[in-house]
Amino acid sequence: MNVDERFMRDGLRSARLATRHDDVPVGALVVKDGVVIARGRNRREADSDPAAHAELLAMRRAARKLGSWRLDGCTLYVTLEPCAMCAGAIVLARVPRLVYGAKDPKAGFVGSLGDLCRDPRLNHRVDVTSGVLEAECGEVLREFFRERRRRATDAPRLS
């Protein structure tokens, strides 16, 4: 197992914890010099916060730990392709490297619907590695939504 796969497995553990609060299972971690300095998982439902995405929470924690909003020398690992909000934050935090697992054809903004992280018009571009443990990352999401649909169909109907 290579280093990116090892850290992505760590992200998958965080993603699975998000389901405890019925949050979409996305996990993220920030690594610097081979050490995990921060983790995050989706908490939109748990915190009633539309911006509580795994990537943002991990980057906020990393910035506090480093004492700087600039995440120089860090790699962000996330189990799902970041959305436009998160991709923008990644660029603004000057994250040099992003590694993600599953693509998000409906909301992903690091290749699927657009690409903020590598847009040549911006003052910072991110080195992106995609598809790391893509099958496992995608399966965690598919399983979550299958279960959510099953619960919806099993719910008693009001007449």
Side-chain angles (χ1 to χ4, degrees), residues 1-32 36-47 49-63 69-149:
M1 173 175 8
N2 71 32
V3 172
D4 286 345
E5 289 176 351
R6 181 168 55 91
F7 287 125
M8 191 61 72
R9 289 200 189 288
D10 189 326
L12 280 165
R13 282 190 291 279
S14 292
R16 288 182 181 100
L17 292 174
T19 62
R20 292 180 181 173
H21 302 286
D22 205 31
D23 274 295
V24 175
V26 177
L29 50 122
V30 178
V31 174
K32 184 165 184 162
V36 176
I37 62 169
R39 288 181 178 82
R41 63 181 181 269
N42 272 0
R43 293 189 52 89
R44 291 184 312 168
E45 299 296 334
D47 297 347
D49 180 354
H53 288 208
E55 304 94 306
L56 293 182
L57 297 175
M59 288 191 299
R60 285 177 184 154
R61 290 177 181 133
W69 62 267
R70 295 179 71 101
L71 298 181
D72 295 325
C74 294
T75 299
L76 174 65
Y77 289 85
V78 63
T79 58
L80 181 65
E81 178 184 358
C83 69
M85 175 179 67
C86 293
I90 291 164
V91 170
L92 293 173
R94 308 299 194 272
V95 173
R97 183 165 185 250
L98 165 68
V99 179
Y100 73 85
K103 292 189 181 309
D104 186 350
K106 293 182 179 179
F109 228 82
V110 187
S112 290
L113 297 178
D115 196 342
L116 277 176
C117 287
R118 293 174 284 203
D119 190 315
R121 297 170 295 178
L122 299 177
N123 65 342
H124 176 74
R125 276 165 293 297
V126 180
D127 177 34
V128 176
T129 302
S130 62
V132 174
L133 299 182
E134 184 172 12
E136 287 108 307
C137 292
E139 185 53 33
V140 167
L141 290 158
R142 283 187 295 278
E143 181 179 307
F144 172 79
F145 286 110
R146 263 194 309 268
E147 177 60 20
R148 184 181 265 184
R149 284 189 299 276

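With hydrogens and angles ignored, the 3.5 Å screen pairs no side-chain donor or acceptor of Lys106 with any backbone N or O of Leu113. A distance-only check finds a donor-acceptor pair linking the side chain of Glu81 to the backbone of Val110 [under 3.5 Å]. Judged by distance alone, with hydrogens and angles left aside, the side-chain atoms of Thr79 form no donor-acceptor pair with the main-chain N or O of Leu12 at under 3.5 Å. Side chain of Asn42 to backbone of Ala54: a donor-acceptor contact under 3.5 angstrom is found. The backbone N or O of Glu147 lies less than 3.5 Å from no partner atom in the side chain of Arg149, so there is not a single donor-acceptor pair. Remark: the backbone N or O of Arg97 is not paired with any side-chain donor or acceptor of Asp127 at under 3.5 angstrom.
For Met59 against Val95, the heavy-atom pair with the smallest separation is SD-CG2, 4.0 Å. Taking every heavy atom of both residues into account, Asp10 and Arg39 meet most closely at OD2-NH2, 2.8 Å. The heavy-atom pair separating Ala28 from Leu76 by the smallest distance is CB-CD1, 4.3 Å. Between Ala18 and Val24, the shortest heavy-atom contact is CB-O, 3.8 Å.
Judged as a ring-ring contact (aromatic ring centres under 6.0 Å, His included), the pairs with a partner in residues 74-109 (not counting sequence neighbours) are, in order, Phe7-Tyr77.
If you take CG on Leu133 and CZ on Arg9, they are separated by 4.5 Å, rounding to the nearest 0.5 Å.
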